[in-house]
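A quick write-up on the structure given underneath.
Note on naming: letters A, B, ... go to the chains in the order of the sequence lines (proteins, then strands), and numbering restarts at 1 for each one. Quick caveat: nothing in here was measured; it's all calculated off a predicted structure. FYI, side chains are in, hydrogens and waters are out, and symmetry mates aren't considered; it's all heavy atoms of this structure.
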Protein chains: 2
Amino acid sequence: METKVSGGPVSCPCRPSCEGPTADCDRTLTTPQRVFKGSRSAQEVVAALPLFDGILPDVLNRLLADSATITRRRSTLLFGAGDEADCFYIVLDGAVKLFALAQDGRESIVEIFGPGTSFAEAAMLSTGRFPLHSEVIEDATLIRVGRRAFLYTLHSDHALAYRMLAALVKWNRRLAGEISDLKELTPWQRVAEFLLAQTPATEGRVEVLLPFNKEVLASRVGIRRESLSRVLGRLRVLGVHTSGNAVRIDDVDLLRRACFEAGSGRS
Amino acid sequence: METKVSGGPVSCPCRPSCEGPTADCDRTLTTPQRVFKGSRSAQEVVAALPLFDGILPDVLNRLLADSATITRRRSTLLFGAGDEADCFYIVLDGAVKLFALAQDGRESIVEIFGPGTSFAEAAMLSTGRFPLHSEVIEDATLIRVGRRAFLYTLHSDHALAYRMLAALVKWNRRLAGEISDLKELTPWQRVAEFLLAQTPATEGRVEVLLPFNKEVLASRVGIRRESLSRVLGRLRVLGVHTSGNAVRIDDVDLLRRACFEAGSGRS
DNA sequence: AGGGCGACTTGATCTTGGTTAAGGGGTCCG
DNA sequence: CGGACCCCTTAACCAAGATCAAGTCGCCCT
């Protein structure tokens, strides 16, 4: 199982969205490097999830007793919308997307999850079916946690339930934020915001690694591949240079200000 | 306190979004009329909220003991983003919008709440601050429920906590759905979807009343007022005729099919 | 080396929504 | 009655994505 994904919690940057109240998103990214790759045990990763923060060891063990670590190659469908939600997933390595499928077969990515994040917990709580499709976009190592164990854990640990509430709320805000971004920012502003979200830096020159390919990024910000190319071209005058997955931002602050000041820009 | 808002749960139609896990949205609308106006007591309305379904009478009373019914005129700011969230609201009558403010002062409406819905509960669960602004858009009668009472109720009734989890999840789906709509549907498709969501009918001729004015509707679907005019003009050939807030759809099924078939239409 | 493929870029053209500006038609109020 | 708003519509223009169609580059495979 070898993967090329860059390490950070790719789900957080910018304003992703969707299935699973992981809400790891307030965390600022360090430079995107493969930090999790094999460096932590499943237990450590799970205990570090915001959702399971402070979980008792024996509860954790019971949870993991009904789990399995699996590896899946890129392009593998994890589940389809409407499938019975009998488990949720924790990403140890690689990346997974959640997406909706339009009538004409086009997909729009609603969220992307990277190492150290979990998703689809929420599906088990209401309808018991996944509302979206999920596919592996970078060869991945995942933990599948069974529905039964999760629900048991949830009911046996009220604090967990409340943490989960808080996580869902936080995640909701991300979604709401993304909606306003889609409504009031131009595509290039969304791209710029995404890039800015990839680095904790607030000024100076920075190199960031795109956590996934441009097709995916385009879908993520709601434009077409070709348009993304053009946008990146136009951003060059603002000191944004890309080569492959590497992006150099000459002046983070400049970019940010340009992004904000262009308020009126709605396409 | 006289209001003109049309009665149904205006928050549900189509794919709204945002603050407050009311998630009343699965409910299909009956004809939009003023059904709640003075016809139900506060207790009845609250007990009918999905969130408080099956609540015990004494728990309910305790909750309402720390509440107040207030009336607010249109254009009143209920709270601003960042304000301390010391209560949540239940709409008895009228309508309230939740919106984000862009740097340049433009607002984008993220959600609209009508009679029989509640909002902003979620704000009290994490940061304790409202993430968005809220303003009354139709003279409204509201119940303000205190934070303390709500949290007490939540902690004293675990079933409530789980219902709230489910409600949040449901609400999250709406948000996710809205995000994909924004990404993969054209403006006119979103308008059409909104109109279709205003009626339970699936075929034949229907009259619907827009639950709010066109400026608001435009913001709701993420376009400008002028564009909405154009869109409605273009929809005329599909049998959609508007005069004021009344919209007549000659053939619901035709409109729906046109909306779906145009899959590729992105802008 | 050569073929094929996937990811990305570029260009020409078309559509459409934003922008700006003007105007129509209510209603309220002096 | 006249004027001030408010809400909405229209029209003209423009910028920017979408679309369609090549075309490039790197990489894997044989």
Side-chain angles (χ1 to χ4, degrees), chain A residues 2 4-5 73-75 95 102 104-108 137-139 182-192 209-237 240-247 262-267, chain B residues 2 4-5 73-75 102 104-108 137-139 181-192 209-237 240-247 262-267:
Chain A
E2 57 107 27
K4 285 168 297 185
V5 78
R73 304 210 63 93
R74 160 182 210 176
S75 296
D104 65 341
R106 289 190 196 199
E107 61 179 53
S108 76
I137 55 175
E138 300 287 355
D139 294 353
L182 284 169
K183 282 185 184 173
E184 65 194 23
L185 296 184
T186 64
W188 76 260
Q189 284 176 305
R190 296 201 295 273
V191 171
L209 274 183
L210 297 181
F212 27 74
N213 72 29
K214 304 216 173 131
E215 175 91 49
V216 172
L217 174 55
S219 176
R220 175 69 185 64
V221 296
I223 58 177
R224 308 240 152 267
R225 192 169 65 259
E226 301 93 321
S227 297
L228 176 60
S229 267
R230 279 186 258 270
V231 164
L232 288 174
R234 237 176 302 157
L235 284 180
R236 252 195 296 279
V237 303
V240 176
H241 303 262
T242 82
S243 75
N245 271 7
V247 179
S264 60
R266 199 68 198 76
S267 185
Chain B
E2 58 108 26
K4 284 169 298 183
V5 78
R73 303 210 64 93
R74 158 180 211 177
S75 295
D104 65 341
R106 287 189 198 201
E107 61 178 53
S108 74
I137 55 175
E138 300 287 356
D139 295 352
D181 278 2
L182 284 169
K183 281 185 183 172
E184 65 194 24
L185 296 184
T186 64
W188 76 260
Q189 285 176 306
R190 296 201 296 272
V191 172
L209 274 185
L210 297 181
F212 26 76
N213 72 29
K214 305 220 170 127
E215 175 90 52
V216 172
L217 174 54
S219 176
R220 175 66 188 65
V221 295
I223 59 177
R224 307 241 151 269
R225 194 168 64 258
E226 300 91 326
S227 298
L228 176 60
S229 269
R230 276 191 291 227
V231 165
L232 289 174
R234 236 176 300 158
L235 284 180
R236 251 194 297 279
V237 303
V240 176
H241 303 263
T242 82
S243 74
N245 271 6
V247 179
S264 58
R266 199 66 197 79
S267 187

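The distance from atom CG of B:L210 to atom P of D:dC7 is 15 Å, rounded to the nearest whole Å. Atom CD1 in B:I223 sits about 20 Å away from atom P in D:dA16, given to the nearest Å. Per the geometry, NZ belonging to A:K183 stands 17 Å off C1' belonging to C:dG18, to the nearest Å. B:E215 has its CD atom 10 Å from the C1' atom of D:dC8, to the nearest Å. A straight line from CZ of B:R224 to P of D:dC7 spans 16 Å, rounded to a whole angstrom. The separation between A:L185 atom CG and C:dG18 atom P is 14 Å, rounded to whole Å. Summarising the geometry, the separation between CH2 on A:W188 and P on D:dG17 is reported as 10 Å, rounded to the nearest angstrom. Here the P atom of nucleotide C:dA7 and the CG atom of A:L228 are 14 Å apart, to the nearest Å.
With D:dT9, C:dT19, C:dA7 as the candidates, the nucleotide lying closest to the side chain of B:R225 is D:dT9. Listed nucleotides C:dC8, D:dC8, D:dG17 differ in distance to B:N245; the shortest reach to its side chain belongs to D:dC8. Nearest to the side chain of A:K214, among D:dC7, D:dG17, C:dT9, sits C:dT9. Ranking C:dA7, D:dT9, C:dT10 by closeness to the B:S229 side chain, first place goes to D:dT9.
The side chain of A:R234 contributes an N or O atom lying less than 4.0 Å from OP1 or OP2 of D:dG17. Dashed line: the shortest gap from a side-chain N or O of B:S227 to OP1 or OP2 of C:dG18 is under 4.0 Å.
A salt bridge does not link A:D139 to A:R74: none of the charged side-chain nitrogens sits closer than 4.0 Å to a carboxylate oxygen.
The minimum heavy-atom distance between A:R190 and A:I223, with the atom names listed, is NH2-CG2, 4.1 Å. In plain terms, the two heavy atoms of B:A102 and A:E184 that are nearest each other are CB-OE2, 3.4 Å.
In this structure, B:L209 and B:V247 have side chains that are not in contact, with every pair of non-hydrogen atoms separated by 4.5 Å or more.
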Less than 3.5 Å apart, which donor and acceptor atoms pair up between the side chains of residues 227-235 of chain A and the rest of the protein, not counting sequence neighbours?
none

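Checked by atom type and distance alone, the side chain of A:K214 never pairs as donor or acceptor with a backbone atom of A:E226 at under 3.5 Å.
Listed by chain and number, the residues in a side-chain hydrogen bond (donor to acceptor under 3.5 Å, both in side chains) with A:R236 amount to none (sequence neighbours excluded).
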Contact state string [nucleotides 21-27 of chain D, B base, S sugar-phosphate only, - no protein heavy atom under 4.0 Å]: -------
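Judged by distance alone with a 3.5 Å cut-off, a donor-acceptor contact links the side chain of B:R230 to the base of C:dG18.
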